[in-house]
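See below for the structure under consideration.
Quick caveat, the model's predicted, so the values are computed rather than measured.
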Amino acid sequence: MAFERPLTIKEVINDIHRKRYLLPAIQREFVWDTEQIETLFDSLLRGYPVGAFLFWYVNKENIHKFKFYEFLRDYHERDNTHNVEADISGEEDIIAILDGQQRLTSLYIGLKGVYAYKLPRMRVDNDLAYPKRQLYLNLLRESEDYDMTYEFKFLSEKEASERSEDTFWFKVGNILSFKETYEINDYLYENELNLADKEKAKFANKTLFRLHKAIHETECINYYLEKSQELDKVLNIFIRVNSGGTPLSYSDLLLSIATAQWKQRDARKTITSFVDELNNIGDGFDFNKDLILKTCLVLCDFNDIAFKVDNFDSDTMVRIEQLWDSISQSIRLAVQLVSSFGFNYKTLTANYVIIPIAYYLYKKNNPHNFVESYKYIDERREIKRFITIALLKRIFGGQPDNVLKPIREIIKNNLESFPFEILKQDLKVTNKTLRFTEEEVEELLWTKYGNRYTFPIISLLYPHIDYKSTFHQDHIFPKSLLKSRTKLRKEGLSQETIDYCIDSYDYIGNLQLIEGVPNLEKSNKNFDEWLNVICRSDQEKEAYKNKHLIPDTDLSLRNFQEFMQEREGLIREALFQILIG
């Protein structure tokens, strides 16, 4: 294996476009952001090397032994992040990219594609939140970033059309159409860039000529060409090459190996689409391929569940593929169950808590209607306690394998019902335990609104809530009032009481769970006034107080400090009973 004749970027882009260059299934997906792409193009114009590449020559006779994917051409953060499987006729040899996919994809997107990422403060399901952007180069000035010379930016067509005395955006992909250098001068003349002040005219001329040279003339793609047709050898080369630079995650690498070894399914497509499915359950989650592969090792009862290449040999892969339907259903059920408890990507603070639940369901043969049936209400209650307390105790932090293995053994030997009490009693892994001390319970009262652990704590106080409805974390005494010194003064509160209100309004003692619609109706009303509106009788008011641990005291704003002290006492008592027993 030796360096071949270097290629120009235009040659490589043309071969990607003609699908002569493809990606083997062992490659991960595209992960670069716009800033990395802009930096790459800045390096090209400055004449910096962009690193070596490793290509794999695959004979047409061997193409059908492997799976290959096309390069990602138009990146969309929500709708298009996965590579499409290549439709190969087998009539021609192909070149597969073993090292350099991120850079080559970035070059292609910068010159021929688009990059659509979400605008801030807009909903994920809003199509307008993802404007299509292409790469542009400012021809009138250098970049203001200290480590960049040229100002490259991904812009929408509207943004790029805005011109000023220091800004003229040139669509980088248009350079491909300039076959001769004289066309650059024609372009500058037609856009009056040669009529601006001399310094800017010189910069525009110099910049566009540099871009043309970097794309059309400079042979900057230096690459090795591997011609072996042995998959084991290619895998070994791939693993070694990708151990440096921006490293593959374990899941990327292991999924690559699975893709090469699964016989009946496309592992990459199966698992990535499954992750997408899980993340769309309920209010949404943030699971990844790591979780799925780790769960496979746990559910298959492999002794070693670490992310190591040796743990994903051909025998392991065969077993995982054979059991995939049951494994995936167990994970799906576990996520549906966690969603039914009101958790989502914001409040599920440790995704690995899913794995013991999936293992229990797997060993129970994935009971039908487990999430809804009254038959399993007691088991669901115990699972919810486990999830909530495991999250609050943060037992999956650090080395989760050391916790997963003993939890698995306890569950395996206690399948009559979910063994939360046994786990609470017997799980002893260094400093990891499901048991609370009085001091730890006391600390929970200092948790504030917005903290990721607030929902698990509050949910303990509402064991019978049906989360099919949308529930909000609500300030009992309205936040908009309690954080405003001006409003509190108008209410006639003393300075000491005002200071207490401002310091205390976000703590657990002033929070409750109520349905979304009543919360919107409640808005900024004083709590005592709102309670009199929604509770039409003394019996209804008493029931509301009991449900939400509201103390039997004056509920006016003037009495906020006493209310907080008494309600914290009720919460403390409830948490002691739940967590310490």
Would you say [atom1] of [X] has more than 12 non-hydrogen atoms from neighbouring residues, nucleotides or ligands within 6.0 angstrom?
X: D503; atom1: CG; answer: yes
X: Y345; atom1: OH; answer: no
X: K545; atom1: NZ; answer: yes
X: E409; atom1: CD; answer: yes
X: K346; atom1: NZ; answer: no

Could you tell me if the side chain of [Y] sits less than 4.5 Å from the side chain of [X], heavy atoms only?
X: F30; Y: S106; answer: yes
X: I502; Y: I498; answer: yes
X: V353; Y: V338; answer: no
X: T295; Y: I354; answer: no
X: K487; Y: E491; answer: no
X: S504; Y: F560; answer: yes
X: L293; Y: I271; answer: yes

Run the salt-bridge test on [X] and [Y] with the 4.0 Å N-O cut-off and return the result as yes or no.
X: R572; Y: E442; value: yes
X: D127; Y: R78; value: yes
X: D325; Y: R265; value: yes
X: E382; Y: R385; value: yes
X: K363; Y: D301; value: yes
X: R485; Y: D499; value: yes

Is the [X] ring parallel, tilted or perpendicular to the [Y] ring (thresholds 30°, 60°)?
X: Y505; Y: H475; answer: tilted
X: F563; Y: F527; answer: tilted
X: Y376; Y: F370; answer: tilted
X: Y75; Y: Y115; answer: tilted

Donor-acceptor under 3.5 Å ([X] side chain, [Y] main chain):
X: R133; Y: Y117; answer: yes
X: N344; Y: G284; answer: no
X: E566; Y: D552; answer: no
X: R567; Y: H548; answer: yes
X: E159; Y: S156; answer: yes
X: E321; Y: Q264; answer: yes
X: R408; Y: V298; answer: yes
X: E540; Y: R536; answer: yes
X: T105; Y: Q102; answer: no
X: T270; Y: D266; answer: yes

| message | Could you go through E29 and Y69, starting from their C-alpha distance and side-chain angles, then the distance that decides it, and tell me whether this counts as side chain to side chain contact (heavy atoms under 4.5 Å, CB included)? | response | CA-CA 10 Å; E29 296 183 325; Y69 292 82; over 6 Å; no

Looking at [atom1] of [X] and [atom2] of [Y], how far apart are the two atoms once the value is rounded to the nearest 0.5 Å?
X: E38; Y: D145; atom1: CD; atom2: CG; answer: 8.5 Å
X: Q336; Y: L278; atom1: CD; atom2: CG; answer: 9.0 Å
X: Q329; Y: N365; atom1: CD; atom2: CG; answer: 11.5 Å

[Y] versus [X], side-chain donor and acceptor atoms under 3.5 Å:
X: D378; Y: S417; result: no
X: R319; Y: Q322; result: no
X: E379; Y: Y360; result: yes

Taking the six-membered ring of [Y], is NZ or CZ of [X] closer than 6.0 Å to its centre and within 45° of its axis?
X: K118; Y: Y130; result: no
X: R381; Y: F420; result: no
X: K393; Y: F436; result: yes

| said: Does I508 form a side chain to side chain contact (heavy atoms under 4.5 Å, CB included) with E568? I'd like the steps, not just the answer. | reply: CA-CA 8 Å; I508 287 286; E568 285 175 351; over 6 Å; no

| task | Decide yes or no on side chain to side chain contact (heavy atoms under 4.5 Å, CB included) for N532 and K541, but give the supporting numbers first. | result | CA-CA 8 Å; N532 288 328; K541 187 178 293 186; 2.5 Å; yes

| task | Determine, stepwise, if the pair F396 / V403 fulfils side chain to side chain contact (heavy atoms under 4.5 Å, CB included). | result | CA-CA 7 Å; F396 293 103; V403 179; 4.2 Å; yes

| said: For L511, run the side-chain contact (heavy atoms from CB on, under 4.5 Å) check against I476, T447, T454, L461 and tell me which one passes. | reply: T454

